[in-house]
Asker: 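This is the structure I want to talk about, given as structure tokens.
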Amino acid sequence: MASDALNFQGTADLCDEYEDHPGLQVAEPLFRDFGGERAFSGEIVTLKCFEDNTKVREMLGEDGRGKVLVVDAGGSLRCAMLGDQLAMLAVKNGWAGVVMYGCIRDSRACAGMPLGVKALATHPLKSRKLGVGQVNIPVKFAGICFKTGDRLFADEDGIVVLPA
């Protein structure tokens with residue numbers, strides 16, 4: 001499965017090809033596309049934080065080549081956990097994309113960047129900065145258990161995860 005799936009034609013094709021694979025997970029259709037890249041894939045790096053994006057900044061400040069940051073922000077619709085500055089940091093450090101179980105802001109600017117961004121909605125209010133969060137732990141939302149090291153594939157049809 002490894003590298004051939006990385007050059008995927010689409011999530012629908014992956015679902016067809018791996019429909020009998022016991023590790024195939026397909027996310028519930030909760031997310032909207034906000035980044036300039038509609039199709040993206042990579043190795044998952046997980047982060048769990050609630051209404052505090054300090055750890056999001058820390059993670060996106062690291063080398064992200066071949067990776068997708070999956071953030072369990074608790075589904076909060078009360079503030080944004082990613083904006084144009086953090087999206088630009090992600091681009092600078094080579095991240096393929098961000099899946100945010102929460103909100104983003106600066107959506108117009110994010111749409112012009114070479115980065116995949118899926119989130120629940122937009123919100124103009126920025127998050128708090130308390131430095132709280134957990135990295136590389138399994139996170140569960142949208143009917144999927146995301147684990148660091150697994151592979152995520154996303155496009156206009158949805159999000160698919162396959163084990164490493």
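Predicted model only: the values in this text are computed from it and were never measured.
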Asker: For Arg65, is there any backbone N or O sitting under 3.5 Å from a side-chain donor or acceptor partner on Asp63?
Answerer: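 Such a contact is found between Asp63 side chain and Arg65 backbone.
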
Asker: Hey, is the main chain of Ala39 close enough, under 3.5 Å, to the side chain of Asp155 for a donor-acceptor pair?
Answerer: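 Checked: no pair found.
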
Asker: Identify whether Phe50 and Val70 are in the same connected component of the hydrophobic contact network (ILVMFWY, side-chain heavy atoms under 4.5 Å).
Answerer: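 No, it is not one cluster - the side chains of Phe50 and Val70 are not joined through contacts under 4.5 Å.
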
Asker: Before you tell me yes or no, could you show the steps for Lys55 and Gln134 under side chain to side chain contact (heavy atoms under 4.5 Å, CB included), namely the whole-Å CA-CA distance, both residues' side-chain angles and the distance that decides it to 0.1 Å?
Answerer: CA-CA 8 Å; Lys55 295 285 183 188; Gln134 296 171 285; over 6 Å; no

Asker: Looking only at non-hydrogen atoms, find the nearest pair between Glu19 and Leu24 and report the distance.
Answerer: CA-CD2, 4.0 Å

Asker: Any donor and acceptor pair, going by atom type alone, linking the side chain of Glu43 with main-chain N or O of Val68 inside 3.5 Å?
Answerer: no

Asker: Could you tell me the separation between the SG atom of Cys79 and the NE2 atom of His123, rounded to the nearest 0.5 Å?
Answerer: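 Atom-to-atom, Cys79:SG and His123:NE2 are 7.0 Å apart.
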
Asker: Taking the six-membered ring for Trp, are Phe153 and Phe40 ring centroids under 6.0 Å apart?
Answerer: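 Phe153 vs Phe40: aromatic centres not under 6.0 Å.
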
Asker: Going by heavy atoms in the side chains, are Cys145 and Lys147 under 4.5 Å from each other?
Answerer: yes

Asker: Looking only at non-hydrogen atoms, find the nearest pair between Asp150 and Ala164 and report the distance.
Answerer: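 Scanning both residues, the minimum pair turns out to be OD1-N, 3.1 Å.
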
Asker: So do the side chains of Leu77 and Cys103 get within less than 4.5 Å of each other, counting heavy atoms only?
Answerer: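 A side-chain contact under 4.5 Å exists here.
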
Asker: What is the minimum heavy-atom distance between Glu37 and Pro114, and which atoms define it?
Answerer: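 Looks like CG-C, 3.6 Å.
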
Asker: Please determine whether a side-chain nitrogen of the Lys or Arg among Asp33 and Lys118 lies less than 4.0 Å from a carboxylate oxygen of the Asp or Glu.
Answerer: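 Yes, this pair counts.
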
Asker: Considering only heavy atoms from C-beta outward, does the side chain of Ser127 approach that of Arg78 to under 4.5 Å?
Answerer: no

Asker: Roughly how far, to the nearest 0.5 Å, is NE2 of His21 from SG of Cys15?
Answerer: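 Rounded to the nearest 0.5 Å, the SG-NE2 separation comes to 12.5 Å.
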
Asker: Taking atom types as modelled, find out whether Ser76 and Glu51 have a side-chain donor-acceptor pair closer than 3.5 angstrom.
Answerer: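 Glu51 and Ser76 do have a side-chain donor-acceptor pair below 3.5 Å.
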
Asker: Provide the closest heavy-atom pair for Gly23 versus Pro163 in the form atom of the first, atom of the second, distance.
Answerer: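 Scanning both residues, the minimum pair turns out to be O-CD, 3.6 Å.
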
Asker: Checking side-chain polar atoms at under 3.5 Å, does Thr122 have a donor or acceptor matched by the opposite partner on Ser107?
Answerer: no

Asker: With a 4.5 Å heavy-atom cut-off, do Glu62 and Lys67 have their side chains touching?
Answerer: no

Asker: Distance-only, no hydrogens or angles: does the Thr46 side chain make a donor-acceptor pair with backbone N or O of Ile137 under 3.5 Å?
Answerer: yes

Asker: Pick one: which of Thr54, Asp52, Asn53 meets side chain to side chain donor-acceptor pair (under 3.5 Å) with Lys129?
Answerer: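 The option that passes is Asn53.
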
Asker: Give me the atom names and distance for the closest heavy-atom approach of Asp72 to Tyr101.
Answerer: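 Closest approach of Asp72 to Tyr101, heavy atoms only: OD1-CD2, 3.6 Å.
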
Asker: Could you give the distance from CG (Leu162) to CD (Glu17), rounded to the nearest 0.5 Å?
Answerer: 9.0 Å

Asker: Does atom CD of Glu58 have more than 12 heavy-atom neighbours from other groups under 6.0 Å away?
Answerer: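 For Glu58, atom CD is crowded (more than 12 foreign heavy atoms under 6.0 Å).
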
Asker: Can you list the other members of the hydrophobic cluster that holds Met88, where links are side-chain heavy atoms under 4.5 angstrom apart?
Answerer: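 Answer for Met88: Phe34, Val45, Leu47, Val56, Met59, Leu60, Leu69, Val71, Met81, Leu82, Leu86, Leu89, Val91, Trp95, Val98, Met100, Ile104, Met113, Leu115, Val117, Val135.
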
Asker: Are Val99 and Ile159 side-chain neighbours, meaning at least one heavy-atom pair lies under 4.5 Å?
Answerer: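 A side-chain contact under 4.5 Å exists here.
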
